[in-house]
Amino acid sequence: MSVNHATKLETNAQYRPETQPKTVVKKVKRTRWITKGEKVIYAFAGVLMLAFAVYMVSFSSSTDTLNRELQQIEQSVNQQKIANEGLSFEKEELSRPERIINIAEENGLKIQNAEVKQVQSFNN
């Protein structure tokens, strides 16, 4: 390049304003961390989990109530068994042959044979 040509370029550059690149304004679309569809799905899952938790608590409560009632019934059955055993023992005591003979003699009955036998029941 010659000197003339270089000075021409310098002078042309002085008269021409420097063109700066235009700044392009772009709208930046902010991406959300969770989309609307995901929010709906998460909300539905949350409601479903809450309903399941309520169901589990009510089921546990009803099971506990049934267990308490069952224990009360078992306790009353055991008390009734003890009462029945006591009555059975008392029946055995009252049905002794010696006692029956004594009561018969007190009431004026005469015993011809002193053989009083205890009757055994047959259960079929």
So, [X] side chain and [Y] main chain: donor-acceptor pair closer than 3.5 Å or not?
X      : Y      : value
Glu105 : Asn102 : no
Thr65  : Ser61  : yes
Asp64  : Ser60  : no

For residues 75-86, the side chain to side chain donor-acceptor pair (under 3.5 Å) pairs (sequence neighbours left out) are Gln80-Asn84
Residues sharing Leu94's hydrophobic cluster, by side-chain heavy-atom contacts under 4.5 Å among ILVMFWY, directly or via others?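 Answer for Leu94: none, a lone residue.
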Grouping ILVMFWY residues whenever side-chain heavy atoms fall under 4.5 Å, the cluster of Ile73 otherwise contains Val77
Point to revise | Candidate pair Glu69 and Leu66, rule side-chain contact (heavy atoms from CB on, under 4.5 Å), full reasoning | key: CA-CA 5 Å; Glu69 290 175 3; Leu66 286 175; 4.1 Å; yes
field: Heavy-atom closest pair, residues Arg99 and Glu93
entry: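 Where Arg99 meets Glu93 most closely, the heavy atoms are CD-O, 4.0 Å.
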Between [atom1] of [X] and [atom2] of [Y], what distance do you get to the nearest 0.5 Å?
X      : Y     : atom1 : atom2 : value
Ile103 : Glu98 : CD1   : CD    : 11.5 Å
Phe44  : Met49 : CZ    : CE    : 12.5 Å
Tyr42  : Thr35 : OH    : OG1   : 8.0 Å

